**Student:** 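Structure provided below as structure tokens; questions to follow.
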Amino acid sequence: MEINVVQKVMKVNDELAEAVRKSLADAGVLALNIMSSPGSGKTTLIEKTLAALNHSIRVGVIEGDPETSLDAERIAKYDVPVTQIETAGGCHLEANLVQRALANFDLPNLDLLIIENVGNLVCPASFDLGEAAKVVMVSTTEGHDKPAKYPNMFRKADAIILNKVDLMPYVDFNFEKFRDYVHQLNPGAPLIDISCVTGEGLDAWLLWIEERLALESAQPVS
Amino acid sequence: MHEFSLAERILECALEVSGEHGGAAIERVVLEIGALRAVVPESLKFAFEAASMETAAEGALLEWREIPAEVECRSCLETYCPQDIVWCCPGCGATGGRAVRGDELIITSVSLSDTPCLEGAIR
Ligand SMILES: [Zn+2]
């Protein structure tokens with residue numbers, strides 16, 4: 001007996017992601033899902049962002065990692081609410097994990113929620129977490145061909161960050177090629193070059209966040 | 001790696017169908033997998049076989065049909081099948097665009113055994 005079903009395999013995740021999106025919108029919180037491979041500097045970027053904002057914006061952070069709470073401990077030093085999600089080896093965050101983590105936050109008292117996804121350039125792109133925007137980060141030490149190798153991730157990004165630009169003279173990184181790949185894959189997303197060490201480009205990143213926050217608060221709460 | 005979590009979702013859906021039919025044993029699950037889904041079908045099959053052990057889906061065949069990508073051009077609104085990882089419109093040459101097909105991950109059918117499975121669909 002063959003039974004025809006058209007079941008979206010992702011349905012459960014997508015429904016939960018919508019619920020997360022609604023809770024965040026109701027509370028007026030902008031959620032950013034930051035994705036990258038391990039070691040490109042997501043946690044450092046979040047630290048620099050928190051330091052620069054210096055509590056002018058109320059920020060909460062969700063840290064996703066396969067194991068350990070080391071990153072959450074780093075973020076907690078900035079005196080912001082932080083929740084660690086350990087995926088027990090899982091290679092990406094899913095909406096149910098984010099929904100559970102939201103219970104640890106006082107959402108009406110937040111403006112911005114930064115979600116640091118598990119370091120991986122493949123699967124995080126496939127799971128909607130209920131975020132308002134996806135940010136993809138790569139670093140110069142990883143090589144300029146990352147966009148060509150992981151096109152899906154770059155196509156879905158609302159902003160693309162290139163980190164460690166201070167190391168560009170010392171590594172094999174062709175900036176023009178990288179920029180062309182990114183632009184061809186995703187002509188609409190801004191490319192923000194930064195160095196978390198020298199602070200170069202951080203202003204552009206903070207400005208982008210400000211613009212997204214303004215966009216978020218301009219939207220009527222349904 | 002994410003094939004394992006997808007396999008579990010597929011198994012849940014299939015067991016639900018089996019449950020609606022008295023817990024009949026599952027013989028076959030057919031999927032549509034979009035080219036843009038970043039799913040390796042062989043890994044998915046392996047993960048599904050592992051996840052379905054000791055359930056009503058143990059030994060079930062996982063089959064799939066691949067759905068090619070189709071993109072709508074962001075400037076001339078033509079749809080086309082991209083030939084390269086860079087989506088370049090054959091009509092006007094614009095890059096980028098919006099995927100209208102190829103993001104599927106769908107169970108289209110579940111085949112159940114006609115002889116009832118006494119163990120039922122309980123995992
Ligand atoms: Zn066109």
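Just so it is clear: chains get the letters A, B, ... in the order the sequence lines come, proteins before strands, and each one is counted from 1. Keep in mind the model is a prediction, meaning the values are calculated, not measured. Values below: every heavy atom of this structure, side chains too, minus hydrogens, waters and symmetry copies.
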**Student:** Would you name the heavy atoms of B/I106 and A/K8 that are closest together and state the gap between them?
**Tutor:**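 Closest heavy-atom pair between B/I106 and A/K8: CG1-CG, 4.4 Å.
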**Student:** Tell me whether B/M53 at atom CE has more than 12 heavy atoms from other residues, nucleotides or ligands lying less than 6.0 Å away.
**Tutor:**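 Atom CE in B/M53 is not crowded, with 12 or fewer foreign heavy atoms closer than 6.0 Å.
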**Student:** Between B/C13 and A/K11, is there a side-chain heavy-atom distance shorter than 4.5 Å?
**Tutor:**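 They are not in side-chain contact.
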**Student:** Measuring heavy-atom distances to chain A, does B/V110 have an atom under 4.5 Å in its side chain, in its backbone, in both, or in neither?
**Tutor:**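 Answer is both: backbone and side chain atoms of B/V110 are under 4.5 Å from chain A.
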**Student:** Chain B heavy atoms under 4.5 Å from A/K149: which part of the residue, side chain, backbone, both or neither?
**Tutor:**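 Neither part.
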**Student:** Are B/I85 and A/R155 packed together at the side-chain level, in the sense that at least one heavy-atom pair is separated by less than 4.5 angstrom?
**Tutor:**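 Contact flag for B/I85/A/R155 side chains = yes.
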**Student:** What is the distance from atom CE of A/M1 to atom CG of B/D114, rounded to the nearest 0.5 Å?
**Tutor:**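 Answer for the CE-CG pair, A/M1 versus B/D114, is 6.0 Å.
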**Student:** Can you confirm whether A/N4 is buried at CG, in the sense that more than 12 heavy atoms of other residues, nucleotides or ligands lie under 6.0 Å from that atom?
**Tutor:**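 It does: A/N4 CG has more than 12 such atoms within range.
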**Student:** Could you tell me whether the side chain of B/L6 reaches within less than 4.5 Å of the side chain of A/M10, counting heavy atoms only?
**Tutor:**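 They are in contact (side-chain heavy atoms under 4.5 Å apart), so the answer is yes.
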**Student:** Rounded to the nearest 0.5 Å, what's the gap from CZ on B/R9 to CG on A/N13? Could you check?
**Tutor:**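 Going from the CZ atom of B/R9 to the CG atom of A/N13 covers 7.0 Å.
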**Student:** Sort A/F127 into side chain, backbone, both or neither according to what part of it lies under 4.5 angstrom from a heavy atom of chain B.
**Tutor:**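 The answer is the side chain of A/F127.
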**Student:** Can you say whether B/R28 sits under 4.5 Å from chain A via the side chain, the backbone, both, or neither, judging by heavy atoms?
**Tutor:**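 Interface part for B/R28: side chain.
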**Student:** So for A/V5, is it side chain, backbone, both, or neither that comes closer than 4.5 Å to the heavy atoms of chain B?
**Tutor:**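 Both backbone and side chain.
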**Student:** With a 6.0 Å cut-off (strictly less than), is the heavy-atom count around OH of B/Y80, excluding the residue itself, greater than 12?
**Tutor:**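 Above 12, so yes.
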**Student:** Among B/V86, B/V39, B/V30, which has the most heavy-atom pairs under 4.5 Å with chain A?
**Tutor:**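 Highest number of pairs under 4.5 Å: B/V86.
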**Student:** B/S109 and A/E2: which non-hydrogen atoms are nearest, and at how many Å?
**Tutor:**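 What the structure gives for the nearest pair is OG-OE2, 3.5 Å.
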**Student:** Under 4.5 Å, counting heavy-atom pairs only, tell me which of B/E104, B/H21, B/E32, B/E16 racks up the most with chain A.
**Tutor:**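 Between B/E104, B/H21, B/E32, B/E16, the count favours B/H21.
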**Student:** Check whether any side-chain heavy atom of A/Q7 lies under 4.5 Å from a side-chain heavy atom of B/V17, and answer yes or no.
**Tutor:**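 Yes, their side chains come closer than 4.5 Å.
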**Student:** Taking all non-hydrogen atoms of both residues, which atom of A/P187 and which atom of B/G96 are closest, and how far apart?
**Tutor:**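 Shortest heavy-atom separation between A/P187 and B/G96 comes out as CD-CA, 3.5 Å.
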**Student:** Need one label for A/N152: side chain, backbone, both or neither, based on atoms under 4.5 Å from any heavy atom in chain B.
**Tutor:**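 Side chain of A/N152 only, per the 4.5 Å heavy-atom cut-off to chain B.
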**Student:** So what's closer than 4.5 Å to chain B heavy atoms on A/A148: side chain, backbone, both or neither?
**Tutor:**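 Contact with chain B is through both the backbone and side chain of A/A148.
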**Student:** Taking the side chain as everything from C-beta on, heavy atoms only, tell me whether A/Q184 gets closer than 4.5 Å to B/C88.
**Tutor:**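 No; the side chains remain at least 4.5 Å from each other.
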